[in-house]
Amino acid sequence: MTAPERPLDRTRLTAALEHANLPSLVAVLHQLTGDRRWLADPYRPTRSRGMDDNDLGGFSPEVRAALRAAAADAVTAWADGRPPAVPAPTGEVLAEIMSVAVGEPVPPEYAAMTAEDMGFAPAPVRTAPPNDLRVIVIGAGVSGILAAIKLAEAGIAHVVLEKNADVGGTWLENSYPGAGVDTPSHLYSYSFAPRAWSTHFGKRDEVWAYLRDVADRHGLRERIRFGTEVVSAVYASDDRRWTVRTATGEILTADAVISATGQLNRPKVPPIPGLGRFRGPIFHTAHWPADLDVTGKRIAIVGTGASAMQIVPAIAPDVARLTVFQRSPQWVAPNDVYFSPIEQGAQYLLDHVPYYRLWYRTRLAWNTNDRVHPALQKDDAWEHPERSVNAMNDAHRRVFTRYLEAELDGRPDLVTKALPDYPPFGKRMLLDNGWFAALRRENVDLVTEAVAEITETGVRGVDGAECEADVVVLATGFETHKILFPIDVRGRSGRRIDEVWGPEDARAHLGITTPDFPNLFLTCGPGTVLGHGGSYITTAECQVRYIVDLLVTMLERDIAAVECRPEVEAEYVRRHDEAHERMIWTHPGMDNWYRNDAGRVVSALPWRIVDYWAMTREPDLADFRTEPARR
Ligand code: NAP
């Protein structure tokens, strides 16, 4: 818990409380005082609309003042030594406080996950018995950093092989103008490593700095081999070891391999004719040249996904002309604080008021994680499947349509081009970061003709019109279905993993473990990307805990190898595919990077995050064929 500041600067606290997120403060007040008054009207906040923080909680000015005054007293008393009345709520008690703080009923199953995240009922840290197990982690991005921290806590030796010269993965590689998260920063943080974020949605430099910082604070660099790209990993059944080969021909061996290569790592460059012909700079968004000055240049950008949506507003004011080639329009949700700094007052509360940071994050998690999940379930009785999948989804459509029309008011040409005809959330949802305002600019053109070819001097559409450009940007996404690509991974049978799975059809029990590949564990594996909301870091924490727990169990029980039983994976995949059949991403009418060409969803999680948390909470050895250690 936050350490009390002594003596407490009451004037500063009172001023800071003007910037409080009042729904968070209600929960803090109850924890500090134990007074149930704070859980009842008139102190019950309204629910947030969308991802809005709802700082004022829908309270009248009198109630706001009463909450702030009571909080100043309660925090002062706490700083003077009065212990919190409800120090670590769990179960029904936590669910009740949380329901008040978020302004709507929270199902009881969220209590255990939330209590763990808030540290009220932390997951036990299991340590392995003395051992000589060796683990190779591939990748030092968000998941690899986490794996290394948790392996060290468990007492398991490991080395991290990282192809780049530093940690950070996607946040190191993607340095295009405007790059940043669209998950709120306080949620896009490890549960054990909060940060004083400068903005509500961290920009790339700060997210990368955060990851470097976490790696440094945990002393990871000495266990990371930088500039070491893995090209193959081959399992040998006789000695139950993995042999890992690097791009320089070096060979390393390990008892277990953890893949932390992510799904958004290998750029996808579509086979557009003439790619090699263009005379100027042409590159994928993940390879934005550090020294490129776009000022006064004519830029053509292909694609309108999350990457393009960040680049376009960031460079539009500086370039001479910006032509955006859109294959499909995108649904875009409003967000008032996308560019807003965290006020000093709010920062003071996050740093000095007990439980405040935890409640602020918990509210973000509630608003962002699973709340939209029911809106993404197909309703077979729904009468308008051509535009939405159920009534809630249709309501989203109305809200986003109204927003788009208001943003593009007076530009019916742009409304026609930019308004999607498929259901909202059918592709990955995007947040407005100035996208519509950028489209309205005089120097920006939105072209909806398909790209026919790249010429020496620009991009030609299928209508024959050529857009002359000095720079061509390919914002065309990533090889999301080729899990582990391009590493040559071979398991017990000697077959490549993509042969075992089938092309672009990866599958794994819990997205983590797959038959024929003993002691290979995936993070960000198939079916685990969060398409409906939430922070990837939450899922990574589930996966890494599962993997490290399993390794500790193996060591405790003298097990040398675990291999997922085929029937366990088959049943999991059956449930996964069945759940996806009911979800929006298998709905006809749009394409998305979650599903492969055959229509099977390979990338995204079909369940709520709370369900996945429960599924991965404890590995079940019965799911595996095990081989004892030789003595
Ligand atoms: P993406 O979402 O896959 O978008 C690729 C874009 O390129 C789409 O508009 C696609 O059109 C278009 N495209 C592909 N091939 C094309 C072709 N041959 N001709 C014309 N257009 C073509 O890729 P992304 O924008 O890099 O984003 C990938 C993911 O990375 C995101 O969904 C997100 O998960 C993550 N990301 C997150 C953030 C953030 O947090 N703010 C930022 C960047 C990326 P279609 O839609 O028609 O396929």
Side-chain angles (χ1 to χ4, degrees), residues 135-152 158-176 179-183 185 187-193 195 202-230 233 244 246-247 257-268 284-288 306-307 477-480 482-487 511-512 520-526 528-530 534-545 547-548 603:
V135 177
I136 287 178
V137 179
I138 308 176
V142 166
S143 317
I145 289 172
L146 178 63
I149 291 171
K150 295 298 169 184
L151 285 167
H158 55 278
V159 60
V160 183
L161 306 182
E162 168 54 59
K163 66 177 162 36
N164 293 319
D166 204 340
V167 301
T170 196
W171 295 108
L172 164 65
E173 292 180 15
N174 285 272
S175 60
Y176 58 76
V181 279
D182 58 10
T183 305
S185 309
L187 194 59
Y188 197 82
S189 311
Y190 299 110
S191 59
F192 54 88
R195 176 186 176 89
K203 284 289 159 207
R204 176 263 183 186
D205 285 354
E206 188 169 4
V207 179
W208 186 35
Y210 169 71
L211 294 172
R212 293 203 311 271
D213 206 44
V214 171
D216 289 338
R217 273 189 287 123
H218 287 84
L220 299 193
R221 285 178 194 275
E222 61 195 34
R223 308 201 294 279
I224 303 176
R225 300 264 311 271
F226 292 106
T228 306
E229 178 166 3
V230 171
V244 170
T246 72
V257 171
I258 299 176
S259 154
T261 55
Q263 285 194 29
L264 297 166
N265 188 255
R266 299 290 173 168
K268 185 172 191 169
H284 185 273
T285 48
H287 297 148
W288 193 280
S307 300
F478 295 87
E479 297 283 5
T480 50
K482 296 181 177 164
I483 308 274
L484 286 166
F485 171 80
I487 305 173
I512 298 175
L520 171 69
F521 305 108
L522 312 177
T523 61
C524 200
T528 64
V529 161
L530 295 175
S535 165
Y536 169 63
I537 294 182
T538 309
T539 7
E541 291 196 10
C542 292
Q543 292 158 0
V544 167
R545 180 180 58 185
I547 295 165
V548 174
S603 296

Listed partners of Ser307 passing side-chain hydrogen bond (donor to acceptor under 3.5 Å, both in side chains), at least two apart: none
Partners meeting side-chain contact (heavy atoms from CB on, under 4.5 Å) with Ala306 (sequence neighbours left out): Arg428, Leu430
Pairs involving residues 203-212, ordered by first then second residue, that meet salt bridge (charged side-chain N to carboxylate O under 4.0 Å, His left out) (sequence neighbours left out): Arg195-Glu206
Ring-face cation contact, Phe226 with Lys163, 6.0 Å cut, 45° max: no
Test ring-ring contact (aromatic ring centres under 6.0 Å, His included) applied to Phe478 - qualifying residues, sequence neighbours left out: His284
Residues that Thr528 engages under side-chain contact (heavy atoms from CB on, under 4.5 Å), provided they are two or more places apart: Gln263, Gln543, Tyr612
Between OG on residue Ser259 and CD1 on residue Ile487, distance to nearest 0.5 Å: 6.5 Å
Minimum heavy-atom distance between Gly141 and Glu162, given as atom pair plus value: N-OE1, 4.2 Å
For Lys268, salt bridge (Lys or Arg N to Asp or Glu O under 4.0 Å) partners two or more places apart: none
Non-neighbouring partners of Val181 that pass side-chain contact (heavy atoms from CB on, under 4.5 Å), sequence neighbours left out: Trp171, Tyr188, Val207
Backbone N/O of Val142 and side chain of Tyr190: donor-acceptor pair under 3.5 Å: yes
Check: Glu479 side chain, Phe485 main-chain N or O, donor-acceptor pair, under 3.5 Å: no
Thr261 and Asn265 side chains, donor-acceptor separation under 3.5 Å: no
Shortest non-hydrogen separation from Thr523 to Ser143 and the atoms involved: OG1-CB, 3.3 Å
Contacts of type side-chain hydrogen bond (donor to acceptor under 3.5 Å, both in side chains), residue Thr246, not counting sequence neighbours: Thr248
For Trp288, all residues meeting ring-ring contact (aromatic ring centres under 6.0 Å, His included), sequence neighbours excluded: Phe283
For His158, side-chain hydrogen bond (donor to acceptor under 3.5 Å, both in side chains) partners two or more places apart: Arg223
side-chain hydrogen bond (donor to acceptor under 3.5 Å, both in side chains) partners of Arg221, counting only residues at least two apart: Asp166, Asp216
Euclidean distance, Ile145 CD1 relative to Ile224 CD1, rounded to 0.5 Å: 6.5 Å
Any donor-acceptor N/O pair, Ser189 side chain to Ser185 backbone, under 3.5 Å: yes
Flag, side chain of Asn174 to backbone of Thr170, donor-acceptor distance under 3.5 Å: yes
